[in-house]
Amino acid sequence: MPRNGRNPAAAVRPASDARTAAFEEFVVARSERLLRTAYLLTRDHALAEDLLQTSLAKAWSSWHRIESDPESYVRRILVNTFSTWWRRRWNGELPTEELPEPAANEPRSGGPDVAASTDLWDAVGRLPKRQRAVIVLRFYEDMSEAATAELLGISPGTVKSQTAKALAKLRIDPAILDRPDPSTGGSR
Amino acid sequence: MNLDDLRRELRTRASEPGPASMSDRLSGVQSKVTAARRRKAVASGAATLVTLTVVGFAATQFVGGGDGDEMADAELVQMPEELNGDLQIAARYNEGAQDLSWTVPLDDLDVVTRTTCLLPADAAPPNADAPVMLSWTIDGGAPIPGQYSTQCGTAGDPSVSTLGPTTREDWREIGARRNGEVQIQVELQQDGEPIEVPGAQFGIALYDKTGDRVTSGGVELSVLIDIDGETYKLQDGYKTRELAETAGRDRVLRLRTPESDAPLAVLYGWDSPIPTASYDLKQDGEPLDTGYGGHLESPLLIDAEAEHRLALRARGASADGVLVLAYYELVDD
């Protein structure tokens, strides 16, 4: 049966069959997008896939309730699962407390843009999980403070303060702070 | 760094994961559903494998009810064979009936009862605004002691409650004797009245207290507890406080929890034979939960990315019993 072609027999299929088909269609259509969010949170391909599958499994048990808007529900599960998951399961995610000292005048492969990108990505990885989630929701998902607050189950004020703290941490992250400013030739 | 840099970086990085195999992904989801069900719920009666309609790729099988009804609702919890180190002796389930009667032989009184209850998604209890409670009596036991009540779970998330006599003394108080038997009656209630909720699933199990326990203030605390398939261990520093019947004065129990890589499980409550007064639990000054005296609540998971201050405050009404506040850390396998 073609994916987008509705089989008339579907109308008389058992409810569980129809529900499973809807679930699988959702996975096919939307899970890549959710995987990207998972990757931004976990910073590891395998962990992102694991987080996504875990979230989908949780969503499946409540599918009959969330069919009308499953994506936002799964995103909520995904972000909250990430926030409460712990390092034991996430052996791949052990952000270092201290940055390795860059060697003086050490050339960065790939040029200044690539190096700046790597530094920013690493700095995002050093954010606490909750702050990282707020940053991803606000600046990747482009969600409002109110929507972010609702998804995370916290107040808009907390979203605002967590966002401010996260951005402040990013701006003073040593990797970013120590980078020479290409426009001035000095440090930022 | 400005916000445009950040947005650009996130979009660039987000495109890094390559395309994945959808059949692999669905197989992974299926495995997790199955694993979760092994931990928390097993299909009622004879669980069946249902081959589901597949859209566009290799067939996937999920475990579900075989009657074509909603899968989540077909998943009836069964009490685990082992919980908190305690081994199950026997269990009974309603199997579609609206009540349950069970004559239980007791070889020993060092046992506890645990219940489970799940309402179907389309449950329509008589009072839509009142919780549906699973209520049971042991040897008639009306109204107290020997009568217990716990709220049913919904949305595929069954409640599991340890409630009832927990010590030999408790059992004796309700008339139970070693090598005797007790009669357990279970039904659904709203506002204290029996009700019927078609599709509701519930059960009650008897467990041998084989798990390690410590006793503090006369209250037994399990050393190991199981939550969602993970094991947590009681940490030193747990607090208990025996309350005198002193009216009009709040009593507070405080506990600091450490920073940790994993969430912590907080056990709290007011172990009192008479549930006459309320308490509240706060975390760093913010409300976390409220409850009533009578029993300990199911453990609550809190994040531990930072230290926290917990405060359990029993409201001023006159009541005795023991306040309990403890935390458990995840046991690394």
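Residue numbering restarts at 1 for every chain, and letters A, B, ... go by the order of the sequence lines.
In this structure, CG on B/L3 lies 9.0 Å from CZ on A/R138, to the nearest 0.5 angstrom. Remark: B/D303 CG to A/K129 NZ distance equals 9.0 Å, nearest 0.5 Å. Here the straight-line distance linking atom CD of B/E9 with atom CG of A/L170 works out to 10.5 Å at 0.5 Å rounding.
Contacts of A/L56 with chain B are made by both backbone and side-chain atoms, with heavy-atom separations under 4.5 Å. Only the side chain of A/Y39 comes within less than 4.5 Å of a heavy atom in chain B; its backbone stays farther off.
Heavy-atom pairs under 4.5 Å with chain A peak, among B/D24, B/N2, B/L6, at B/L6. Chain B forms more heavy-atom pairs under 4.5 Å with one residue of A/A57, A/S55, A/A123 than with any other, namely A/A57. Comparing A/P128, A/A59, A/S31 by how many heavy-atom pairs each has under 4.5 Å with chain B, the most go to A/S31.
By the 4.5 Å heavy-atom criterion applied to side chains, B/R25 and A/L35 are counted as neighbours. Residues B/M22 and A/E32 meet the side-chain proximity criterion, which asks for heavy atoms closer than 4.5 Å. In this structure, the side chains of B/R11 and A/Y140 come closer than 4.5 Å at one or more pairs of heavy atoms.
Each of A/I135, A/T37, A/L120 was evaluated against B/L10; a single residue qualifies, A/I135, per the side chain to side chain contact (heavy atoms under 4.5 Å, CB included) test.
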(message) Show, in sequence, the C-alpha distance, side-chain angles and deciding distance for B/T12 and A/W121, and conclude whether the side-chain contact (heavy atoms from CB on, under 4.5 Å) test is met.
(response) CA-CA 10 Å; B/T12 302; A/W121 178 237; over 6 Å; no

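Summarising the local packing, NZ of A/K169 is surrounded by more than 12 heavy atoms from other residues, nucleotides or ligands at distances under 6.0 Å.
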